[in-house]
Participant: 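Take a look at this one; I'll ask things after.
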Number of protein chains: 2
Amino acid sequence: MRITPQRSAIYKAVLEHGDHPTASEIHKWIARDMPHVSIDTVNRTLHSFHDMGLLNIVEGEGGPRRFDPNTRSHHHLHCDRCGKIIDFYSDAADNMPIPPEVQNDFIVERKRIVLSGICRECMNANDASGSGT
Amino acid sequence: MRITPQRSAIYKAVLEHGDHPTASEIHKWIARDMPHVSIDTVNRTLHSFHDMGLLNIVEGEGGPRRFDPNTRSHHHLHCDRCGKIIDFYSDAADNMPIPPEVQNDFIVERKRIVLSGICRECMNANDASGSGT
DNA sequence: TGCTATATAAGAGCGTTTCTTATATACTTC
DNA sequence: GAAGTATATAAGAAACGCTCTTATATAGCA
């Protein structure tokens, strides 16, 4: 695979952006330096990176695809309020036994735990607005 | 919420369909009996059911939204080949400890394990085509 | 330098989801 | 039972994300 200015910029943007960006967010992000990169190039490049194992596509309940440059084994917290996705690490999760009936009927290649709920910032936002005695 | 013929048909279709259908699949499914139901009604109704906790939206890596009427605590197998999603149950998964640093910064309301790999049918399809000595 | 393979930009096209508006239906009140 | 009110639906338009097509540009190679 050729290294082009666009691809460097896209990969750098995914790393810098941090919060599991969408193709559209990457597109806007790199527009500061390279205003002529098309959204199609961003999408195609992210897809190529995914095929190469350079980044993951984050699980989600619809909405635009989000990308994740973290290649360590990790898991996700999804905030129901703000939509933020936070990485976390857990040996217990990584080593969790897989039920025998699953092992018989399925070759497991990846394991991901998804916890949904409310993140600290949304908790605090809630406290600030609703706690006056 | 009012019970209408459309809503009954849509809920019945989700239950009968079994394999985590999309709105479009539900739309086609009920068209046999009710050919004038619009895709918008199907989408809106599925969304309402989701808000009421009657069904879940399945986690996925893009593509159309898929719905799940199974309200028991369960987890999912995703086949990378055919895209099928299979429910499974696991006490180990349900009781898996949550890391303390997560508990401090996040209120966990739902827990879902997602295993990705190859399902039995795709395994067999592969054997059948590729095993002749 | 010329050739070939790969990459990109721009616009078109497609599928999914949502919005808008008019009509239809069920429930409530009198 | 009739009129009024709130909710639901159908149809089409629109928005959005993603992919495809085609022409152009670029890098690597002979």
Side-chain angles (χ1 to χ4, degrees), chain A residues 1-14 17 19-52 54-68 78 80 83 85, chain B residues 1-14 17 19-69 78 80 82-85:
Chain A
M1 178 187 238
R2 257 183 225 165
I3 297 173
T4 65
Q6 290 90 338
R7 286 181 176 167
S8 301
I10 289 167
Y11 187 61
K12 191 157 155 280
V14 177
H17 188 284
D19 188 22
H20 307 88
T22 65
S24 172
E25 283 165 349
I26 295 296
H27 185 232
K28 281 177 203 140
W29 189 274
I30 64 175
R32 297 176 307 177
D33 300 321
M34 305 175 68
H36 290 294
V37 175
S38 71
I39 181 66
D40 180 57
T41 294
V42 174
N43 249 316
R44 200 168 9 83
T45 301
L46 290 169
H47 204 93
S48 301
F49 287 165
H50 176 242
D51 291 344
M52 295 166 63
L54 217 57
L55 45 80
N56 300 311
I57 296 174
V58 180
E59 72 288 338
E61 302 187 343
R65 223 162 257 156
R66 297 175 67 170
F67 296 89
D68 183 355
H78 287 234
D80 290 332
I85 294 174
Chain B
M1 176 187 238
R2 262 185 219 161
I3 298 172
T4 64
Q6 290 91 338
R7 289 181 173 165
S8 301
I10 289 167
Y11 187 62
K12 190 157 156 279
V14 177
H17 188 282
D19 187 21
H20 308 87
T22 65
S24 172
E25 284 166 348
I26 294 297
H27 185 232
K28 282 179 202 135
W29 189 274
I30 65 175
R32 297 175 307 179
D33 301 320
M34 304 175 70
H36 290 294
V37 175
S38 72
I39 182 66
D40 180 58
T41 294
V42 174
N43 250 315
R44 200 167 11 81
T45 302
L46 290 169
H47 205 93
S48 301
F49 287 167
H50 175 243
D51 291 344
M52 296 167 61
L54 218 58
L55 45 81
N56 300 311
I57 296 174
V58 179
E59 71 288 339
E61 301 186 344
R65 221 161 258 156
R66 297 175 67 170
F67 297 88
D68 182 354
H78 286 235
D80 290 332
C82 64
K84 188 165 51 189
I85 294 173

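Quick note on labels: first sequence line is chain A, next is B, and so on, each numbered from 1. It should be emphasised that the depicted structure is a prediction, and the values quoted were computed from it without experimental measurement.
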Participant: Which comes earlier along DNA chain C counting from the 5' end, the contact point of B:S24 or that of A:R7, where each point is its nearest nucleotide?
Facilitator: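 The answer here is A:R7.
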Participant: Do the non-hydrogen side-chain atoms of B:T45 and B:I26 ever get within less than 4.5 Å of each other?
Facilitator: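 Side chain of B:T45 against side chain of B:I26, heavy atoms only: no contact under 4.5 Å found.
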Participant: Give, for atom CD of A:Q6 and atom CD1 of A:I30, the distance between the pair rounded to the nearest 0.5 Å.
Facilitator: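 CD1 of A:I30 is found 8.0 Å from CD of A:Q6.
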Participant: Evaluate the side chain to side chain contact (heavy atoms under 4.5 Å, CB included) criterion for residues B:R7 and B:R2: first the C-alpha distance (whole Å), next the side-chain angles of each, then the deciding distance (0.1 Å), finally the verdict.
Facilitator: CA-CA 9 Å; B:R7 289 181 173 165; B:R2 262 185 219 161; 4.2 Å; yes
Participant: Which heavy-atom pair separates B:G63 from A:R65 by the least distance, and what is that distance?
Facilitator: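 Result for this residue pair: N-NH2, 3.7 Å.
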Participant: What is the distance from atom CD of A:E59 to atom CZ of A:R66, rounded to the nearest 0.5 Å?
Facilitator: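 These two atoms lie 10.0 Å from each other.
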Participant: Can you tell me how far CZ of A:R44 sits from OG of A:S38, rounded to the nearest 0.5 angstrom?
Facilitator: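 The distance works out to 6.5 Å.
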Participant: State, to the nearest 10°, the angle formed by the axis through the first five base pairs of the helix from C:dT1-D:dA30 to C:dC30-D:dG1 and the axis through its last five.
Facilitator: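 End-to-end axis angle for the helix from C:dT1-D:dA30 to C:dC30-D:dG1: 20°, rounded to 10°.
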Participant: Short of 4.0 Å, heavy atom to strand atom, which residues of residues 33-46 of chain B count as contacting DNA chain D?
Facilitator: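 Contacting residues: B:H36, B:V37, B:S38, B:D40, B:T41, B:R44.
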Participant: For nucleotides 25-28 of chain D, list the nitrogen or oxygen atoms of the protein found under 3.5 Å from its nitrogen or oxygen atoms, one pair per line.
Facilitator:
none

Participant: Please list, chain by chain and in numerical order, all residues satisfying side-chain contact (heavy atoms from CB on, under 4.5 Å) with B:D68, sequence neighbours excluded.
Facilitator: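 If we apply the side-chain contact (heavy atoms from CB on, under 4.5 Å) test to B:D68, skipping adjacent residues, the hits are B:H20, B:N56, B:V58, B:N70, B:H74, B:H76, B:D87.
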Participant: Sorted by first residue and then second, give each ring-ring contact (aromatic ring centres under 6.0 Å, His included) pair with at least one member in residues 29-53 of chain B; sequence neighbours left out.
Facilitator: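 For residues 29-53 of chain B, and leaving out neighbouring residues, the ring-ring contact (aromatic ring centres under 6.0 Å, His included) pairs sorted by first residue read B:Y11-B:F49, B:H17-B:W29.
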Participant: Please round to the nearest 0.5 Å and tell me the distance separating atom CG of A:L46 and atom OG1 of A:T22.
Facilitator: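 The OG1 atom of A:T22 is 9.0 Å from CG of A:L46, to the nearest 0.5 Å.
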Participant: Donor-acceptor pair, B:H27 side chain versus B:V37 backbone, under 3.5 Å?
Facilitator: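 Looks like yes, one N/O pair under 3.5 Å.
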Participant: Rounded to the nearest angstrom, tell me the gap between atom CD1 in A:I26 and atom C1' in D:dG17.
Facilitator: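 These atoms are roughly 15 Å apart.
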Participant: Using a heavy-atom cut-off of 4.0 Å to chain B, what are the terminal contacting nucleotides of DNA chain C, in 5' to 3' order?
Facilitator: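 Range of nucleotides touched by chain B: C:dT16 to C:dA26.
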Participant: Can you measure from CZ (B:F67) to CG (B:L54) and round to the nearest 0.5 angstrom?
Facilitator: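 Answer for the CZ-CG pair, B:F67 versus B:L54, is 12.0 Å.
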Participant: What's the separation between atom CG in A:N43 and atom CG in A:D40, rounded to the nearest 0.5 Å?
Facilitator: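 A:N43 CG to A:D40 CG: 7.0 Å, rounded to 0.5 Å.
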Participant: What's the shortest heavy-atom distance between A:I3 and A:S8, and which atoms?
Facilitator: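 Closest approach of A:I3 to A:S8: CG2-OG, 3.6 Å.
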